[in-house]
Each structure stands twice: as C-alpha cells, then as structure tokens.
Protein chains: 2
Amino acid sequence: MRKDSTSNNGSSRPESTPKQLRSFERSLPMALLRAREAVMREFRAALRRHGLTEQQWRVLRALTARDEMEILALADVTFLLPPSLSRILRDLEERKLIRRRVIPEDLRRALVSIAPRGIAMIETVGSQSEKTYSEITRRFGADRLRALHELLASLEHSLSEPKPAASPKKRALHARTRAPDLRQRS
Amino acid sequence: MRKDSTSNNGSSRPESTPKQLRSFERSLPMALLRAREAVMREFRAALRRHGLTEQQWRVLRALTARDEMEILALADVTFLLPPSLSRILRDLEERKLIRRRVIPEDLRRALVSIAPRGIAMIETVGSQSEKTYSEITRRFGADRLRALHELLASLEHSLSEPKPAASPKKRALHARTRAPDLRQRS
DNA sequence: GGCTTATGCTTAACATGTTAAACAAAAGCC
DNA sequence: GGCTTTTGTTTAACATGTTAAGCATAAGCC
C-alpha cells in the first residue's frame with residue numbers, strides 16, 4: 001500500500017513510485033527482527049543484572065550442553081564470528097566462568113569448557129530465564145510457540161539448500177558474509 | 001579453507017545435557033536469529049552490490065512508503081536508534097539519496113524524504129529484492145510464509161502487552177534498551 | 001518578557017562486531 | 001629433513017551500534 005505521493009509537495013516526488021514494493025511491515029527480515037527484539041526484551045534485564053551480554057550468555061549456554069567444545073565449533077553454534085568469540089572467551093576466562101585447555105595432539109586447537117562459576121551462573125540466570133520462557137509461552141500459547149519454532153526451522157532449512165540455478169561454491173559453515181546481531185552493554 | 005567444524009572429531013552431540021535448561025536449538029531468540037540470518041543472506045548480495053547497508057536500505061524503504069517523515073518517527077519504523085539514524089541520514093544525504101528540510105514552524109524538527117536518486121536506487125534494488133522474495137516464497141511456500149508472518153506479528157503483540165504483574169512505566173516509543181542488529185560493510 | 005523545563009536531533013566517547021592480516025602449529029610434498 | 005600449504009586462533013584496524021552529553025529551539029510558567 002503505497003501512500004499516494006502527491007499530498008503536499010509536488011517537488012521531487014515522482015508519482016511513479018517504485019513499483020509495488022511490499023510494505024515495510026510485510027518485510028520478513030523486519031518481522032523477524034521485531035519479533036526477536038520483543039522476545040529479547042524479556043530476557044535482557046536478567047542478563048544485565050548478572051553482567052552478561054547476550055553473546056556471553058549464548059556461549060555459556062552452548063557450553064552447558066557439551067563437556068568440551070572446540071572454538072570454531074563453538075563459534076558455529078553460537079553464531080559468533082571467531083574474532084568476537086575470541087574476545088568473549090578471554091573475558092569469560094578472566095571471570096573464571098569458563099576454562100580452556102590446549103589439545104595436546106594439536107597445539108593449535110583448544111577445548112573450552114564451562115567452569116564451576118559458569119555453571120552457577122547458568123543455574124541462577126537459567127532459572128530466571130526459564131521462568132521468562134514460561135511466561136512467554138503462557139502469553140503466546142504453547143501450540144503457537146511450537147508452530148513458530150517449526151516454521152522457523154523449516155524456513156532456515158528451505159533457504160540453506162542450494163539455489164536451483166547458479167551455485168558456484170559451497171561456502172562452508174560460516175560463510176564470509178555471516179551475520180551479526182549485537183546487543184546490550186555489560 | 002574448509003570449515004566443517006565438527007566433522008572430524010566426534011565431539012558433536014553428547015546427550016548429557018547438564019541441566020534442565022532447554023536445548024540451545026529450542027531457544028527462541030536463537031531460532032529467530034538463525035532464521036533472520038538465513039533470509040538476509042539472500043538479500044545481502046544485492047544490497048552490497050549497490051553499496052547499501054541493510055540499515056540504509058531500511059531507511060530508503062521506509063521513506064518510500066511516505067512522502068516525508070520526521071526523524072524520530074523514521075527511527076521508530078526502521079528500528080534504528082537516533083544516533084545511528086543521524087549518521088545514516090547524513091550519509092544518504094551526501095549521496096543525494098534522500099533530502100531533508102527543517103520544519104518552519106518548529107526549527108528543531110526536520111522532515112526527510114526520498115530523493116530522485118533514492119527512488120531510482122529503490123527501483124533497481126527493489127526489483128531484485130522482490131525477485132529474491134519470490135524465490136524465498138517459492139522455496140518456503142506461500143502458505144507457510146503467511147503463517148509465519150502471522151505468528152511473528154502475534155508473538156510481537158503478545159509480548160508488547162504489559163505483563164500482568166509489575167508494569168511500572170509506560171516507556172514511550174523507543175525504549176531505552178532497544179535493539180540493535182548490525183550488518184555488512186559498505 | 002525572563003526563566004526553567006522539555007523536546008528533537010546531533011556529537012562525543014566508548015563497546016562491539018567485522019574484515020584482513022598475523023602467528024603458530026600441523027599436514028603435504030620432494 | 002626442509003619447504004610450502006593449510007588450519008585454528010588471535011591481533012589490528014576499522015565500521016557501526018550504543019549511551020550519555022550537548023545544543024538549539026520550543027513550551028510552560030511567573
């Protein structure tokens with residue numbers, strides 16, 4: 001729905017408004033951004049209270065699921081770029097929330113694991129977080145939430161498949177042009 | 001430069017999840033982040049080709065829908081913080097993609113509008129963008145896409161309502177702790 | 001009118017993400 | 001064994017987002 005362009009100024013407003021571009025609201029990226037922001041707003045306060053950024057939390061969360069993880073693997077699951085992760089790990093290590101050890105067989109690689117203080121942190125924040133999650137589920141509806149998860153996963157899957165025409169390279173896991181996000185301050 | 005993270009080592013997936021924390025994959029913020037990234041990956045190339053960042057594109061898109069817009073209103077719809085928008089507008093103005101005029105009745109405020117070159121840009125990139133959109137729709141399915149949009153809007157709406165208990169303030173339009181995202185380089 | 005407060009927007013300072021380069025270790029090759 | 005290439009990670013330089021302060025104008029009050 002364009003807005004007819006000739007309301008007050010005829011100045012530079014060529015009536016030939018760009019085709020029928022979909023309305024801003026129907027933009028999928030915007031919708032996803034807004035939804036994500038709405039969700040994160042619920043969680044951010046708790047994280048901030050504990051001096052964790054969203055990314056740091058993602059790292060701790062990811063580590064909770066595995067005993068030890070290599071750094072690049074961690075970068076993959078947390079959706080962080082290696083340089084960012086590098087800084088985050090340094091920080092978390094200083095705060096004794098995680099531990100890191102070099103793999104003896106290959107001195108380039110390192111394994112990261114969550115430290116006791118990190119586990120404690122996860123438990124504290126995690127329980128609040130789960131409460132928030134329940135609240136979200138209650139407000140939004142468990143069935144809708146499930147449906148949403150399914151659609152999101154499906155969307156991701158649909159798009160990850162190579163495009164029919166023109167698929168020159170098989171960019172590995174984190175492609176150069178990956179993604180960001182960003183978040184609060186500690 | 002491969003990077004198949006967890007291919008060689010078997011450290012993929014221990015089912016020994018320490019706590020009762022929901023698995024990382026079931027985290028709604030992560031799911032939204034991944035989905036958005038999957039979608040944006042499809043659009044980014046075209047934007048980059050035209051030297052537009054995602055945010056700049058959002059601004060132009062938003063301006064296409066209206067004749068003129070005040071800056072703070074623009075910040076709202078584009079989900080950008082005023083300082084970021086301020087820089088973006090300066091840049092877009094230098095590139096003659098937008099125009100800005102002060103409101104005579106209130107010299108503090110300004111109205112921004114898209115300039116002819118901006119419209120041209122929108123048309124070029126927009127048509128490619130719509131093609132990409134069609135492609136996404138085709139791959140994902142129009143019905144599922146519609147369902148997804150609906151769920152996202154509904155989620156956003158569910159969460160925007162004041163929580164039952166404790167709703168101290170009515171933070172106006174853009175709350176302090178808003179959101180970011182971030183993106184490519186120009 | 002003169003004073004204080006509020007508003008719209010920008011600038012400044014800082015934190016963080018991004019990209020490219022650097023480094024060290026391992027793997028391949030002769 | 002040397003040599004080159006590849007791999008895992010970090011550092012450096014830069015772009016961008018974020019927060020707080022600044023500035024100018026407007027509005028409210030006396």
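We use all heavy atoms of the structure for the numbers below, so side chains are in, but hydrogens, waters and symmetry mates are not. Order of the sequence lines sets the chain letters (A, B, ...), proteins ahead of strands, with each chain counted from 1. In this text the structure is predicted, and so the values were computed from the model without any measurement.
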Sequence neighbours excluded, every pair satisfying ring-ring contact (aromatic ring centres under 6.0 Å, His included) that has a member inside [range]:
range: residues 112-145 of chain A; answer: Phe43(A)-Tyr133(A)
range: residues 90-119 of chain B; answer: none
range: residues 81-102 of chain A; answer: none
range: residues 87-129 of chain B; answer: none

- Pro83(A), nearest nucleotide to its side chain (from dT10(C), dT16(C), dT11(D)):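 Selected nucleotide: dT11(D).
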- Closest to side chain of Leu107(B), choosing from dT19(D), dT19(C), dT25(D):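 For Leu107(B), the side-chain atoms sit closest to dT25(D).
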Nearest-Å distance, [atom1] ([X]) to [atom2] ([N])?
X: Leu74(B); N: dC9(C); atom1: CG; atom2: P; value: 10 Å
X: Arg48(A); N: dT19(D); atom1: CZ; atom2: C1'; value: 10 Å
X: Leu81(A); N: dT10(D); atom1: CG; atom2: C1'; value: 14 Å
X: Leu80(A); N: dT9(D); atom1: CG; atom2: P; value: 14 Å
X: Ile103(A); N: dT7(D); atom1: CD1; atom2: P; value: 16 Å
X: Ile88(A); N: dT16(C); atom1: CD1; atom2: P; value: 9 Å
X: Arg90(B); N: dT11(C); atom1: CZ; atom2: C1'; value: 9 Å
X: Asp91(A); N: dG17(C); atom1: CG; atom2: C1'; value: 15 Å

- Task: Consider only side-chain N and O atoms of Ser27(B) and Arg61(A), and report whether a donor and an acceptor are under 3.5 Å apart.
- Result: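 No pair is found: no donor N or O on one side chain lies under 3.5 Å from an acceptor on the other.
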- Message: Side-chain N or O of Arg100(A) versus OP1/OP2 of dG8(D): is the shortest distance under 4.0 Å?
- Response: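 No, because none of the side-chain N or O atoms of Arg100(A) sits under 4.0 Å from OP1 or OP2 of dG8(D).
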- Query: Is there a side-chain polar atom (N or O) of Gln55(A) under 4.0 Å from OP1 or OP2 of dT16(C)?
  - Reply: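 No, no such contact exists.
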- Message: Suppose we screen for side-chain contact (heavy atoms from CB on, under 4.5 Å). Which residues come up paired with Ala62(B), at least two apart in sequence or across chains?
- Response: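 So Ala62(B) forms a side-chain contact (heavy atoms from CB on, under 4.5 Å) with Phe24(A), Met69(B), Leu74(B), Val77(B), Thr78(B).
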- Message: Between Arg87(B) and Pro104(A), which residue's closest nucleotide on DNA chain C lies nearer the 5′ terminus?
- Response: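 Of the two residues, Arg87(B) wins.
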Dump the pairs, protein N or O against N or O of nucleotides 2-8 of chain C, anything under 3.5 Å, distances to one decimal.
{"from": "dT7(C)", "atom 1": "O2", "to": "Arg108(B)", "atom 2": "NH1", "distance (Å)": "3.0"}

- Message: Is any side-chain heavy atom of Leu152(A) closer than 4.5 Å to one of Leu32(A)?
- Response: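 With C-beta onward as the side chain, the pair touches.
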